[in-house]
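Since this is a predicted model, take the numbers as computed values, not measurements. Throughout, a chain's letter reflects where its sequence line sits, starting with A, and its residues are numbered from 1.
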Amino acid sequence: MADLVAPVRVSPLIKFSRWSLLLLGVSYGAIRYSSLSKKENAIREIEAKQKAIREVKLAQEKERLAKEELAELARAAGVEPLP
Amino acid sequence: MSVRAASSLATKVPSLIKGTLDYAQPRFKIFLKYAKVELTPPSPGDIPQIRSGIQKLLSGFRTGKWKQTPVKEAWLNALVTTEVLMWFFVGECIGKRSIVAYQV
């Protein structure tokens with residue numbers, strides 16, 4: 001290790017700006033992360049509600065279509081369709 | 001796995017670990033030697049120098065002296081400035097706790 005060049009004395013101004021920017025970046029990232037995750041969670045909540053509504057609607061639609069199809073089938077076969 | 005393969009693995013793994021350590025340790029020592037001087041945060045004793053550095057920067061802008069910087073020096077300054085600015089993004093990655101994207 002003796003033949004290595006001596007480490008550079010980095011100017012204190014550069015050191016100061018490096019570290020202050022690093023800390024600034026950490027706080028910016030953390031703040032932005034929390035605000036984005038809050039927004040995203042609100043959207044997720046709304047989507048979950050809408051999903052429940054949509055699923056009920058889809059189930060009703062499916063039931064209705066199945067009933068119609070059965071009635072059609074009964075008519076085609078010449079049988080009295082079930083009530 | 002056959003017994004022979006297992007035993008050869010058992011003899012190989014320690015030597016592999018030893019080789020990795022032999023490779024990494026001196027290099028890590030060199031890294032530490034430089035990092036201890038070049039990467040440490042500024043100490044409170046550096047405050048006057050920081051202040052004078054900022055003053056110099058500002059006065060250079062006020063007096064228009066920055067226009068007389070040689071291209072070579074200006075290029076180096078630009079590189080240093082870029083490096084310093086990149087620390088911000090490293091910090092952002094630390095703050096958001098992921099390397100790519102905000103994984104909310």
Side-chain angles (χ1 to χ4, degrees), chain A residues 1-70, chain B residues 22 24-61 66 73 76-104:
Chain A
M1 257 182 17
D3 53 342
L4 289 173
V5 244
V8 181
R9 295 261 155 215
V10 181
S11 132
L13 177 63
I14 292 176
K15 272 188 183 176
F16 170 74
S17 11
R18 273 179 184 170
W19 282 87
S20 47
L21 278 171
L22 183 79
L23 295 180
L24 201 73
V26 170
S27 45
Y28 171 76
I31 290 169
R32 186 134 189 268
Y33 179 89
S34 75
S35 90
L36 284 179
S37 61
K38 250 181 231 156
K39 254 189 216 168
E40 191 62 30
N41 283 341
I43 292 172
R44 271 183 200 144
E45 237 170 67
I46 293 169
E47 272 178 353
K49 270 183 207 158
Q50 281 175 343
K51 195 179 170 223
I53 295 170
R54 198 172 60 235
E55 266 171 5
V56 169
K57 255 188 196 164
L58 278 177
Q60 282 172 350
E61 185 80 352
K62 209 174 166 188
E63 210 182 299
R64 189 179 66 76
L65 282 176
K67 232 178 189 172
E68 258 176 32
E69 210 176 293
L70 275 183
Chain B
D22 281 353
Q25 263 172 349
R27 282 162 181 78
F28 185 66
K29 257 184 204 154
I30 293 172
F31 167 75
L32 267 190
K33 184 195 163 200
Y34 283 104
K36 262 182 199 158
V37 179
E38 294 179 0
L39 289 178
T40 43
S43 57
D46 289 337
I47 289 175
Q49 268 173 292
I50 292 165
R51 202 173 278 230
S52 77
I54 294 172
Q55 291 290 328
K56 238 165 88 183
L57 215 63
L58 289 180
S59 76
F61 270 107
W66 61 275
E73 214 172 291
L76 291 179
N77 288 347
L79 284 182
V80 171
T81 313
T82 316
E83 185 256 14
V84 168
L85 287 180
M86 286 309 154
W87 280 61
F88 173 81
F89 298 104
V90 173
E92 192 190 352
C93 285
I94 296 170
K96 70 188 183 184
R97 295 188 298 279
S98 65
I99 292 178
V100 180
Y102 283 82
Q103 282 162 12
V104 288

Can you confirm whether Tyr34(B) sits close enough to Val5(A) that some side-chain heavy atom of one is under 4.5 Å from a side-chain heavy atom of the other? yes
Crowding at CD1, Ile99(B) (>12 non-hydrogen neighbours, <6.0 Å): no
Residue Phe88(B) excluded, over 12 heavy atoms near CZ under 6.0 Å: yes
Kindly indicate whether the side chain of Arg18(A), heavy atoms from C-beta on, has any atom under 4.5 Å from the side chain of Leu39(B). yes
Straight-line distance of Ser20(A) OG to Trp87(B) CH2, nearest 0.5 Å: 10.5 Å
How far apart are the closest heavy atoms of Val8(A) and Glu38(B), and which atoms are they? N-OE2, 2.8 Å
Heavy-atom proximity to chain B below 4.5 Å, by part of Val26(A): both
What part of Thr40(B) gets closer than 4.5 Å to chain A, counting heavy atoms only: side chain, backbone, both or neither? both
Turns out that what part of Glu83(B) lies under 4.5 Å from chain A's heavy atoms comes down to side chain
Atom CG in Leu13(A), atom CD in Gln55(B): separation rounded to 0.5 Å? 11.0 Å
Drop me the distance from Lys96(B)'s NZ to Ser34(A)'s OG, to the nearest 0.5 angstrom. 14.5 Å
If you count every heavy atom of other residues, nucleotides or ligands that lies below 6.0 Å from Arg64(A) atom CZ, does the total exceed 12? yes
Atom CD1 in Ile50(B), atom CD1 in Ile14(A): separation rounded to 0.5 Å? 11.5 Å
Using non-hydrogen atoms only, which part of Arg51(B) is less than 4.5 Å away from chain A: side chain, backbone, both, or neither? neither
Show the nearest heavy-atom pair for residues Val37(B) and Lys15(A), with the distance to one decimal. O-NZ, 3.2 Å
Looking at Ser17(A) and Val84(B), what are the two nearest heavy atoms and their distance? CB-CG1, 3.8 Å
Can you see which heavy atom on Arg32(A) is nearest to which on Tyr102(B), and at what distance? NH1-CE1, 3.2 Å
